[in-house]
There are 2 protein chains.
Amino acid sequence: MKRNTWQREAVRGALGANDGFISAQALHSALHSTGSPIGLATVYRALADLAVKGDADSLQSPEGESLYRACSTNDHHHHLICRNCGLTVEIEADAVETWAKDVAAQNGFTQAAHVVDVFGLCTACTAQAAASAR
Amino acid sequence: MKRNTWQREAVRGALGANDGFISAQALHSALHSTGSPIGLATVYRALADLAVKGDADSLQSPEGESLYRACSTNDHHHHLICRNCGLTVEIEADAVETWAKDVAAQNGFTQAAHVVDVFGLCTACTAQAAASAR
DNA sequence: GCCCTGTTGATAATGATTGTCAAAACCATT
DNA sequence: AATGGTTTTGACAATCATTATCAACAGGGC
């Protein structure tokens with residue numbers, strides 16, 4: 001049976017209080033800075049649980065860290081990420097969902113998961129890049 | 001000044017000879033198995049150089065490894081990857097291409113690149129998993 | 001061939017993540 | 001409120017990919 005502990009609530013709360021994606025390590029130190037004695041391993045476990053239950057989503061930063069964030073909707077969705085400033089926009093992609101499922105099924109694959117993320121430069125960073133290139 | 005070494009050519013060749021994404025570690029052992037005494041650090045450096053020059057693409061696998069593939073600008077496609085045995089199937093995704101471009105443009109993003117890959121269990125591994133779960 | 005400088009590679013170092021396991025916490029039940 | 005069976009925790013060790021180090025080496029212009 002799953003039990004409710006203050007540690008899990010703390011992680012869930014800290015995630016929700018944060019706007020963008022945050023690393024497990026950063027979340028752990030954020031919790032520590034508020035006086036919480038929660039352990040690092042526990043933060044990792046809580047995040048993994050949240051991700052499995054669909055209450056959080058995760059992605060890999062270009063540097064290879066796992067980043068997490070509270071899921072604003074229960075729906076499965078994807079992200080448009082600025083590769084310069086990290087700004088993240090949630091995007092709906094029903095068409096892609098069904099496409100991924102279909103293409104997997106057509107090739108005999110089961111348990112299809114997919115990685116669909118779009119990286120680019122947001123408006124601000126595009127302007128900035130243009131300015132510095134000048 | 002950049003120098004031409006057989007090591008860099010070996011890495012470029014091995015990447016090109018491979019269809020899907022491959023990890024730096026796997027590429028290194030593949031090279032070793034052909035008798036090449038190339039060092040692991042050199043493989044990492046060569047891959048980083050290729051990625052910077054735009055001759056290779058990289059993405060993070062769900063497990064956190066960095067995967068690389070030769071960048072064939074004239075033949076952009078995606079992959080259906082068995083998470084158990086590594087079998088890779090190339091998939092066409094014109095619909096996804098245009099979708100990615102559109103969604104980026106709609107949000108003011110420029111220089112849109114996208115990571116679109118589907119992970120699942122291939123027919124053989126699905127059967128195997130079912131058998132061992134029994 | 002010589003010399004200067006970029007490159008290599010064995011190994012150590014780094015840093016995130018996961019495994020271990022005894023102690024503590026949870027919660028249904030008494 | 002006390003008990004007891006189980007889950008969870010957390011300090012620490014272990015693991016794994018990747019990066020840094022640095023002396024030895026090789027490319028290429030002279």
Side-chain angles (χ1 to χ4, degrees), chain A residues 1-15 18 20-53 55-69 86 113 115, chain B residues 1-15 18 20-53 55-69 81 83-84 86 115 117 119:
Chain A
M1 184 209 299
K2 279 285 182 196
R3 292 174 183 172
N4 296 329
T5 63
W6 64 265
Q7 285 95 336
R8 267 197 254 270
E9 287 309 314
V11 170
R12 183 193 298 271
L15 244 203
N18 194 290
F21 282 89
I22 187 171
S23 71
Q25 306 269 348
L27 200 57
H28 177 238
S29 22
L31 282 164
H32 261 201
S33 73
T34 67
S36 170
I38 193 171
L40 178 57
T42 304
V43 173
Y44 275 99
R45 280 186 292 242
L47 285 174
D49 284 350
L50 288 174
V52 166
K53 284 201 308 178
D55 289 340
D57 43 36
S58 66
L59 65 81
Q60 309 274 338
S61 79
E63 290 75 31
E65 277 180 289
S66 287
L67 303 182
Y68 295 87
R69 158 177 127 140
V115 176
Chain B
M1 184 209 301
K2 282 283 182 196
R3 289 174 184 170
N4 297 328
T5 63
W6 63 265
Q7 286 97 336
R8 267 197 255 270
E9 287 308 315
V11 170
R12 184 194 298 270
L15 244 203
N18 193 290
F21 282 90
I22 187 171
S23 71
Q25 307 269 348
L27 199 57
H28 177 237
S29 20
L31 282 164
H32 260 201
S33 73
T34 67
S36 169
I38 192 171
L40 177 58
T42 305
V43 174
Y44 275 99
R45 278 186 294 242
L47 285 173
D49 284 351
L50 288 174
V52 166
K53 284 201 308 177
D55 288 341
D57 268 343
S58 67
L59 67 80
Q60 309 275 340
S61 78
E63 290 75 32
E65 278 180 288
S66 286
L67 304 181
Y68 296 87
R69 76 170 172 187
I81 305 158
R83 72 165 66 91
N84 183 247
V115 174
D117 286 290
F119 292 82

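Every chain is numbered from 1 and lettered A, B, ... according to where its sequence line falls, protein lines coming before strand lines.
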Tell me: [atom1] of [X] to [atom2] of [N], nearest whole Å?
X	N	atom1	atom2	answer
A:Leu31	D:dG10	CG	P	11 Å
B:Leu47	D:dT19	CG	P	10 Å
A:Ile22	C:dA16	CD1	C1'	15 Å
A:Leu40	C:dA16	CG	C1'	9 Å
B:Leu67	D:dT18	CG	C1'	14 Å
B:His32	C:dT8	NE2	C1'	12 Å
B:Ile38	C:dT7	CD1	C1'	11 Å

Residue pairs, two or more places apart or on separate chains, that pass salt bridge (Lys or Arg N to Asp or Glu O under 4.0 Å) and touch residues 29-38 of chain B: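 Qualifying pairs: none.
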Got a sec, which pairs hit salt bridge (Lys or Arg N to Asp or Glu O under 4.0 Å) with one end in residues 20-37 of chain B, sequence neighbours left out?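 Matches after skipping sequence neighbours: none remain.
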**Item:** Those residues that, when tested against A:Ala26, pass side-chain contact (heavy atoms from CB on, under 4.5 Å) (two or more places apart)
**Value:**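 A:Ala26: side-chain contact (heavy atoms from CB on, under 4.5 Å) contacts with A:Ile22, A:Ser23.
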Can you measure from CZ (B:Arg69) to CG (B:Asn18) and round to the nearest 0.5 angstrom?
->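 Taking CZ in B:Arg69 and CG in B:Asn18, the distance rounds to 11.5 Å.
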Pairwise distance CG(A:Leu47) to CG(A:Leu67) - rounded to 0.5 angstrom: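 The CG atom of A:Leu47 sits 10.5 Å away from the CG atom of A:Leu67.
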Helical bend (five base pairs per end, nearest 10°) for the helix from C:dG1-D:dC30 to C:dT30-D:dA1:
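The value is 30°.
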Distances for protein N or O near nucleotides 12-15 of chain C N or O, under 3.5 Å:
none

Listed pairs under 3.5 Å, donor-acceptor, residues 35-46 of chain A side chains, sequence neighbours left out:
from	atom 1	to	atom 2	distance (Å)
A:Ser36	OG	A:Ile38	N	3.4
A:Tyr44	OH	A:Gln25	NE2	2.8

By a strict heavy-atom criterion of less than 4.0 Å, which residues belonging to residues 7-15 of chain A are in contact with DNA chain C?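 Residues of residues 7-15 of chain A that come under 4.0 Å of DNA chain C do not exist, since none gets that close.
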| request: For B:Ala10 and B:Leu31, work out which heavy atoms get closest and say how close. | output: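 Residues B:Ala10 and B:Leu31, closest heavy atoms: O-CD2, 3.9 Å.
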Q | Non-neighbouring partners of B:Asp49 that pass side chain to side chain donor-acceptor pair (under 3.5 Å), sequence neighbours left out | A |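 For B:Asp49, the residues satisfying side chain to side chain donor-acceptor pair (under 3.5 Å) (neighbours in sequence not counted) are B:Arg8.
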When you compare the protein's N or O atoms with those of nucleotides 20-27 of chain D, which come within less than 3.5 Å of each other, and at what distance?
from	atom 1	to	atom 2	distance (Å)
D:dG27	N2	B:Arg3	NH2	2.9

Compare side-chain N and O positions of A:Tyr44 against OP1 and OP2 of C:dT17 and report whether any pair is under 4.0 Å apart.
->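 Indeed, a polar side-chain atom of A:Tyr44 lies that close.
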